[in-house]
Chemist: 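One structure is given below, represented as structure tokens, and several questions about it will come after.
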Amino acid sequence: MLHVADIQEHKEAYIKALKKRNFEAVELFDKVLELDEKRRTTQAQLDNTLAESNKLSKEIGNLYKSGEAKKASILKERTGNLKEDSKNLQETLNIAVVELDTLLYTIPNIPQESVPAGTSADDNEEVFRLGEVPVLAEGALPHWELAKKYDIIDFELGNKITGAGFPVYKGKGARLQRALITYFLDKNIEAGYTEYQVPLMVNEMSGFGTGQLPDKEGQMYHVTNDDLYLIPTSEVPVTNMFRDVLLEEKDLPIACTAYTPCFRREAGSYGAHVRGLNRLHQFEKVEIVRIEQPENSNTALEGMVDHIKEILNELKLPYRILRLCGGDLGFTASLTYDFEVFSTAQDRWLEISSVSNFKTFQANRLKLRIKDKQGNKRLAHTLNGSSLALPRVLAGILENYQAEDHIKIPEVLIPYCGLERIDLA
RNA sequence: GGAGAAAUGGCAGAGUGGUCGAAUGCGGCAGUCUUGAAAACUGUUGAGGGUCACACCUCCGGGGGUUCGAAUCCCUCUUUCUCCGCCA
């Protein structure tokens, strides 16, 4: 969420930037500043009332000690009113704070200068493309048919034991996916990321810290008995490790990587685009998360993009990178690059990674700050990205590496996989 | 799941109704000494709000209560530890 002081300072620039998201902020900002003013004046009144009441209490204590009980009981009567006042002021304050916060939760992050204006995915800006889109031989199959042909992913079996969107990976399919996970983690560790294994369920505070709650509640599976949420991405538990943390400059940058399954309800998704591995309720993902000094965060973002490029180059998959336009930018992001791998058989691009700089938007909710040598504190910048989302990478490999009677394993994965190809059973 | 104990600053650990935002030790920071370092000594060192800056307010696991006044008493929730049971 945005910081009120920043809204005050950069109001006009923020209003202009939010227009790129087609978000009208003028009235909201006015209301925010008004509520903040109210918050501060009420707080001041409350503080004064409490100060007076503290003073009286001290006097009463002294009077009792010197044996002047009568004088004390006279003073006691005055505390009653103060108590009433402070109770009312506290209530007014609480209401103002809740109203202010509720409003702030509805305001998305400020898009950066480089974010193009736009209303939909069509307005995203392609910033990189590797080579030409390949053309497959006649009779090339989409990955869901390959999965069946080589008996490596069973969608029906998942249907039976859970429901749609929960596939079962089998034999060499399972092995290939496991190889990819290990390969991704190794690449990340090599690049300086520390590996974590984190809980797959999080509490409400964590969902709130990274911005899934309150507004994206319907996208997460909620375990109501224990009031826990299944993670939609490891970003949530990993970033929340740093909730309520005051870092020192020497601790930075922080770079974490984690492999987890991810769970998404995907309410409202339907149609041909959810076929096969394209969109699942449970999928595997390796994530990278960074915490940076504000002045380094955009450089760090470029570094993450380069890192993911390297992985895709090694896998020799056709891909492109998009800079998301204002209309397609996620609520919490200030700048996002999407990586898409080309699904040759489907003739469409599949998103396999999304790399974002959140600047202080998450840190403000998380209360994640940095203290410098002089003791000054400021909010950290958080970033994250997928490296990578497994099912669609898998789909890309199956489709792009298919031959008539086998699927080749990408060279870089052979040592991880212990296989050179997937043959007909 | 049952029984008991506990939760205090970066850490350890005092504090059982007012003089406590909190002793003491360790750690951190600054300085003295030293060619430099270590040791020793001196000072300093929690967080949030508020203010131009002070003042002032809030915070001793979370929430509620008693009281003129709560780290301290009461209720409740959470977490941790010990013992028993169960268990990958």
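So you know, we letter chains A, B, ... as the sequences are listed, proteins then strands, and number each from 1.
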Chemist: Whole angstroms only, please: what is the CG-C1' distance between A:Leu82 and B:rU67?
Modeler: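 The answer, rounded to whole Å, is 15 Å.
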Chemist: Checking all strands, does A:Leu50 fall into the base, sugar-phosphate, or nothing category for heavy-atom contacts under 4.0 angstrom?
Modeler: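 If one applies the 4.0 Å heavy-atom cut-off, A:Leu50 turns out to touch the sugar-phosphate alone, with no base involved.
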Chemist: Does B:rC57 have its OP1 or OP2 closer than 4.0 Å to a side-chain nitrogen or oxygen of A:Asn54?
Modeler: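 The answer is yes; a side-chain N or O of A:Asn54 sits under 4.0 Å from OP1 or OP2.
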Chemist: Given that both distances must come in under 3.5 Å, which nucleotide forms a Watson-Crick or G-U wobble pair with B:rU82?
Modeler: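 Pairing partner, where one exists within any strand: B:rA3.
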Chemist: Respond yes when some side-chain nitrogen or oxygen of A:Arg39 is under 4.0 Å from OP1 or OP2 of B:rG49, and no when none is.
Modeler: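 No, A:Arg39 has no side-chain N/O under 4.0 Å of OP1/OP2 on B:rG49.
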Chemist: From B:rC57, B:rU67, B:rU51, pick the nucleotide closest to the side chain of A:Arg40?
Modeler: B:rU51
Chemist: Keeping the roles fixed (side chain from A:Asp123, backbone from A:Cys325), state whether a donor-acceptor pair exists under 3.5 Å.
Modeler: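 Such a contact is absent between A:Asp123 side chain and A:Cys325 backbone.
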Chemist: Rounded to the nearest Å, what distance is computed from the CG atom of residue A:Asp244 to the P atom of nucleotide B:rG9?
Modeler: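 After rounding, the reported distance stands at 14 Å.
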Chemist: Base contacts versus sugar-phosphate-only contacts with protein, heavy atoms under 4.0 Å: please encode nucleotides 70-79 of chain B as B, S and - from 5' to 3'.
Modeler: ----------
Chemist: Which nucleotide wins on minimum distance to the side chain of A:Tyr64, given the candidates B:rG69, B:rU58, B:rG18?
Modeler: B:rG18
Chemist: Between A:Asp338 and A:Arg323, does at least one N-O distance fall below 4.0 Å, as a salt bridge requires?
Modeler: no
Chemist: Would you mind telling me which of B:rU58, B:rC68, B:rC56 lies closest to the side-chain atoms of A:Lys76?
Modeler: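 Taking heavy atoms from C-beta onward, the closest nucleotide is B:rC68.
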Chemist: Of A:Asn62 and A:Ser53, whose closest RNA chain B nucleotide lies nearer the 5' terminus?
Modeler: A:Asn62
Chemist: Please report, rounded to the nearest Å, how far the P atom of B:rC68 is from the CD atom of A:Glu52.
Modeler: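 A:Glu52 atom CD is separated from B:rC68 atom P by 17 Å.
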Chemist: Is A:Lys371 near enough to B:rG46 that one of its side-chain N or O atoms lies under 4.0 angstrom from OP1 or OP2?
Modeler: no
Chemist: Let me see the working for A:Leu35 and A:Val32 under side chain to side chain contact (heavy atoms under 4.5 Å, CB included), right down to the final yes or no.
Modeler: CA-CA 5 Å; A:Leu35 278 168; A:Val32 163; 6.0 Å; no
Chemist: Within the pair A:Lys55 and B:rC56, is there a side-chain N or O less than 4.0 Å away from OP1 or OP2?
Modeler: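 False: A:Lys55 side-chain N/O out of range (4.0 Å or more) of B:rC56 OP1/OP2.
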Chemist: So what does A:Lys367 touch, heavy atoms closer than 4.0 Å: a base, only the sugar-phosphate, or nothing?
Modeler: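 If one applies the 4.0 Å heavy-atom cut-off, A:Lys367 turns out to touch nothing in the nucleic acid.
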Chemist: From the options B:rC57, B:rG49, B:rC68, select the nucleotide whose nearest atom is closest to the side chain of A:Thr79.
Modeler: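 The listed nucleotide nearest to A:Thr79's side chain is B:rC68.
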Chemist: Heavy-atom nearest nucleotide on RNA chain B for A:Leu56 versus A:Ala44: which residue maps closer to 5'?
Modeler: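 The residue mapped nearer the 5' terminus is A:Ala44.
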Chemist: Respond yes when some side-chain nitrogen or oxygen of A:Lys58 is under 4.0 Å from OP1 or OP2 of B:rC68, and no when none is.
Modeler: no
Chemist: Testing the basics here: between A:Pro391 and A:Glu284, what is the closest heavy-atom pair and its distance to 0.1 Å?
Modeler: CD-O, 3.6 Å
Chemist: Starting from C1' on B:rU67, measure out to CD1 on A:Ile60 and report it in whole angstrom.
Modeler: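 It works out to 11 Å between those atoms.
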Chemist: Pairing check on B:rG69: which nucleotide meets the Watson-Crick or G-U wobble criteria with it, both distances under 3.5 Å?
Modeler: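 For B:rG69, the partner nucleotide comes out as none, under the 3.5 Å rule.
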Chemist: Can you say whether a donor on the side chain of A:Asp47 sits under 3.5 Å from an acceptor on the base of B:rG49, or the other way round?
Modeler: yes
Chemist: Using whole Å, report how far NZ of A:Lys38 lies from C1' of B:rG49.
Modeler: 18 Å
Chemist: Salt bridge (charged side-chain N to carboxylate O under 4.0 Å, His left out), that's the test. Do A:Lys11 and A:Asp30 meet it? Break it down for me.
Modeler: CA-CA 9 Å; A:Lys11 191 175 163 193; A:Asp30 285 341; 2.8 Å; yes
Chemist: Taking pairing as Watson-Crick or G-U wobble with both contacts under 3.5 Å, can you name the mate of B:rU16, or confirm there isn't one?
Modeler: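 Per the H-bond distance test, none.
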Chemist: Counting side-chain heavy atoms from C-beta on, which of B:rC56, B:rG18, B:rA47 comes nearest to A:Ala51?
Modeler: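 Between B:rC56, B:rG18, B:rA47, the one nearest the side chain of A:Ala51 would be B:rC56.
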Chemist: May I have the distance from A:Glu59 (atom CD) to B:rU67 (atom P), rounded to whole angstrom?
Modeler: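 Between P of B:rU67 and CD of A:Glu59: 21 Å.
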Chemist: Could you state the atom-to-atom distance from NZ of A:Lys71 to P of B:rC68 in whole Å?
Modeler: 20 Å
Chemist: In whole angstrom, give the distance that lies between atom CG of A:Asp251 and atom P of B:rG10.
Modeler: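 Taking atom P of B:rG10 as the reference, CG of A:Asp251 is at 14 Å.
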Chemist: Can you name the one residue among A:Glu287, A:His307, A:Glu195 that meets side-chain hydrogen bond (donor to acceptor under 3.5 Å, both in side chains) with A:Asn188?
Modeler: A:His307
